[in-house]
Protein chains: 2
Amino acid sequence: MGGRFRHYPRASGTLRRKHPSTRKNHQPMEQVDLVIRARWIVPVEPRGVTLEDHAVAVRDGRIVALAPTGDIEARFSAIRTVDRPHHILLPGLVNAHTHAAMTLFRGMADDIRLEDWLSQHIWPAEGRWASPDFVRDGTNLAIIEMLRGGTTCFQDMYFFPDVVARTAIERHIRAVAGMIVIDMPTAWAADPDEYFSKGIAVHDQYLGHPLVSTTFAPHAPYTISDATFERLRVLADELDTPIHIHLHETRDEIRTAAQNHGHRPLQRLAALGLATPLLTAVHMTQVTPEDIALLAECGASVVHCPESNLKLASGFCPVAELLAAGINVALGTDGAGSNNDLDMFGEMRMAALLGKGIAGNAAAVTAEEALAMATINGARAVGLGDEIGSLVPGKLADLVCVDINEPATQPVHHPISSLVYSACRDQVSDVWVGGHAVLEARRFIDGDTTGIFKRAAAWQRRLAETNA
Amino acid sequence: MGGRFRHYPRASGTLRRKHPSTRKNHQPMEQVDLVIRARWIVPVEPRGVTLEDHAVAVRDGRIVALAPTGDIEARFSAIRTVDRPHHILLPGLVNAHTHAAMTLFRGMADDIRLEDWLSQHIWPAEGRWASPDFVRDGTNLAIIEMLRGGTTCFQDMYFFPDVVARTAIERHIRAVAGMIVIDMPTAWAADPDEYFSKGIAVHDQYLGHPLVSTTFAPHAPYTISDATFERLRVLADELDTPIHIHLHETRDEIRTAAQNHGHRPLQRLAALGLATPLLTAVHMTQVTPEDIALLAECGASVVHCPESNLKLASGFCPVAELLAAGINVALGTDGAGSNNDLDMFGEMRMAALLGKGIAGNAAAVTAEEALAMATINGARAVGLGDEIGSLVPGKLADLVCVDINEPATQPVHHPISSLVYSACRDQVSDVWVGGHAVLEARRFIDGDTTGIFKRAAAWQRRLAETNA
């Protein structure tokens, strides 16, 4: 990744080079790559803080300092300085659960029951079409959607994680590629042996890569045998790699598990030794007090996917109760087939609003909590809590500016409220991943999106013909 | 309004004048003001229909024809033709319940219980600041937010409806100004007599106005006496004017009503003769089967405000059940103090998603139903069902284009799904109200927003000082 800028567009009036004559003193200054000054900075850590008249200095892809603008200007000489006078600067958002390639299914099958959605639409389409090309084209579309909307890191669960990793690197987004495991043959692998060996090959290939890491991604308790889970536990411990799994998504899942295993799925995982801080339970719409106690005790994370849970009528995740128990709750969009977008601003707002409705308490799931869920909690869930998710010196410079100078975000009483309750994804103006600028003044720096849209349209026609 | 264009910006490449040489035949052609050709047209009536390669012809502010593009071009000669090649054209959205001026309270007091929100923040701020200037500045901000996001008509409930009406006309949005009634003195009126006389003066002043109409806006059952309701019934019948009222918003309201009146509030209104097709019940989060039967029988409308209901943890409106009973359900944002935006795209998506979650049925509240709620159902609720809400020849040309050529709305399997589940308010590219263009290529045609933002910021400082 290197954190060095490959592009220095000069057209924008917001860029300027610092000349020696503008320096405030004559002390030797530290050279940095980038200084960003924004009207407000929300570092996420410490929680609830909003800084005014501050700036961030970036060198070699990492945050060097966050301090009052005067101090930053006195201390650093920047190759590039960016002024964002009516913007909020915040950490890039972390989409802790998605199936990126499923953007190609966006809007293909809505307003139908989950079982019909899966059995009559998604599974047949995947059986016929899931291929490296499909995953590349769908993931490309997902990535430009996510970057455009301020998401700088996503955790994926899909076939061909090698293609996901390669595509993420090409487009310069941070990806946590899921080593998918499922006890049935697919285009990616024929049996558990092959899932594990191909997954671990991806893990090994990207070990230490600045943009890509890997986690285990067993599909769900009802598609994974005890033997496969046991193998997974040994490997996850050995590689110290998180495991994310669809868990307690629907009432049916709980009922079937009770019939087949005599346990709730979370209890079964615990019995198999998988209830550890490496576990990330995605969905958790069916939750008892015992489930909460177990999650809290073992230090697992939960990924809440509120829009998908509503759209598929799966149930309600009791977010306020999970947070009160000290559980790390992150946010995910799930795939665009059941959402139908990858908009983490939408998901933040939904988490805060729905969390209050479900708790019956307007003080539950505050804007600050929702923002933490979409940033630092997501970073922790995907194993990158020390690297991203907050604006702390030493962390990677995954940064987002949101332009607040729009009718829906005026006036500004509290910037964090503006971000969570009023801003929309299209107000994201600038995005840096590891200090590398990918979006500037609402435009992609690298290339255009026409080719990606054309390929998506071609898939739409192909899918429509098959579905017809 | 006049339906005539006051502006003919010439810079855009999408505009062109039709020259005689481009005509397809030599029949005498009908002259119209405007032809809009869009990739897709969603007329809302008939329900669920999407037209391709169609165009709309507009004359004197009304829709003259909606037909295949070739037919429109053969029949009409347009002063102006607008091409929108990757857009969806749909009726302007109808925000059936808001308190426009409360945009100035946006984000002032979040994440607190309803009773504290009202008694410690909103009521003191209104008591101190509500004035014609406050209402003008807040309503101006609300209007540019609504137009920017594709809302062409709003029904308002606030003090100084005369200022609301005047501001709406200045900015060329369609307004249904609420003649507010509340059994307590405010800056607008001292007692029921004054509320009625000032309200009816506004009604009379704008009778027959092309942009402004009026409805009665009694605040809520717990702030209105039986005597005031009786007077309201007589006046509403006499003027044939709809009545919209906050109804069954919270459990507390129901409990208090049972203690004070021995009835649920809806039953009390029925006993007072107010349960008629003129009634619009806003919120209805506390609903029994008897309530549903009564609403259906009397032909009243409901305005669902899902984001506000969640944010204040008021309860859940059973939208799927109301629709199944044949009740006309419209959508409203409520005020920006409890939302915190006036985004009807957000409200449509929320209605469809939350409606499924609450019904426990992924097939409930379809995209088509949510779109109808935000357009034709809203038009009917505010008494304008024959004039707006669908693209039918003879109706007013309140039109919106949404640019679908963005990552989050590609590919397009079903355009109505794209509108409801994937599009965001900022993708609205063009807005016409009564055939008059107010937004073009995402920019306001008349003036800029700087002055409105500055006045909003000044109110924010004033409010922060008082609140501190």
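Chain naming here is simple, since letters A, B, ... match the order of the sequence lines and numbering starts at 1 in each.
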Chain A neighbours within residues 363-371 of chain B, where any heavy atom lies under 4.5 Å away: B/Ala363, B/Val365, B/Thr366, B/Ala367, B/Glu368
Does some side-chain heavy atom of [Y] sit less than 4.5 Å from a side-chain heavy atom of [X]?
{"X": "A/Pro407", "Y": "B/Phe453", "value": "yes"}
{"X": "A/Met350", "Y": "B/Met350", "value": "yes"}
{"X": "A/Lys311", "Y": "B/Tyr421", "value": "yes"}
{"X": "A/His414", "Y": "B/Met108", "value": "no"}

field: Nearest heavy-atom neighbours spanning B/Gly360 and A/Ala313
entry: C-CB, 3.7 Å
Specify which of [options] makes the most heavy-atom pairs with chain B at under 4.5 Å.
{"options": "A/Asp341, A/Leu114, A/Thr285", "result": "A/Asp341"}
{"options": "A/Gly107, A/Gly346, A/Ala336", "result": "A/Gly107"}
{"options": "A/Ile416, A/Leu310, A/Asp110", "result": "A/Leu310"}
{"options": "A/Gly357, A/Pro411, A/Ser418", "result": "A/Pro411"}

With only heavy atoms counted, which part of [X] is less than 4.5 Å from chain A, the side chain, the backbone, both or neither?
{"X": "B/Ala408", "result": "both"}
{"X": "B/Ala423", "result": "backbone"}
{"X": "B/Asn339", "result": "backbone"}
{"X": "B/Arg455", "result": "neither"}
{"X": "B/Ser422", "result": "both"}
{"X": "B/Val412", "result": "backbone"}

task: Using the test side chain to side chain donor-acceptor pair (under 3.5 Å), find all partners of B/Asp343 that sit at least two apart in sequence or belong to another chain.
output: none
Look up atom [atom1] in [X] and atom [atom2] in [Y], then write down how far apart they are to the nearest 0.5 Å.
{"X": "B/Arg113", "Y": "A/Asn361", "atom1": "CZ", "atom2": "CG", "result": "4.0 Å"}
{"X": "A/Glu307", "Y": "B/Arg349", "atom1": "CD", "atom2": "CZ", "result": "6.0 Å"}
{"X": "B/Gln427", "Y": "A/Arg425", "atom1": "CD", "atom2": "CZ", "result": "5.0 Å"}

message: Shorter than 4.5 Å, heavy atoms on both sides: which option in B/Leu354, B/Thr450, B/Thr103, B/Asn405 has the most such pairs with chain A?
response: B/Asn405
- line: In short, salt bridge (Lys or Arg N to Asp or Glu O under 4.0 Å) pairs touching residues 355-365 of chain B with sequence neighbours left out are A/Asp111-B/Lys356
Donor-acceptor contacts under 3.5 Å from residues 143-152 of chain A side chains, at least two apart:
from, atom 1, to, atom 2, distance (Å)
A/Glu145, OE1, A/Arg106, NH1, 3.1
A/Glu145, OE1, A/Arg106, NH2, 2.8
A/Glu145, OE2, A/Leu342, N, 2.7
A/Arg148, NH1, A/Val428, O, 2.9
A/Arg148, NH2, A/Asp426, O, 3.1

query: Short question: side chain of B/His413, backbone of A/Leu104 - any donor-acceptor pair under 3.5 Å?
result: yes
message: Please determine whether the number of non-hydrogen atoms from other residues, nucleotides or ligands lying under 6.0 Å from atom CZ of A/Arg47 exceeds 12.
response: yes
- request: Assess whether atom CZ of A/Arg251 is packed by more than 12 heavy atoms of other residues, nucleotides or ligands within 6.0 Å.
  value: no
task: List the steps, then state whether side chain to side chain contact (heavy atoms under 4.5 Å, CB included) holds for A/Ile358 with B/Phe316.
output: CA-CA 9 Å; A/Ile358 297 305; B/Phe316 303 103; 4.0 Å; yes
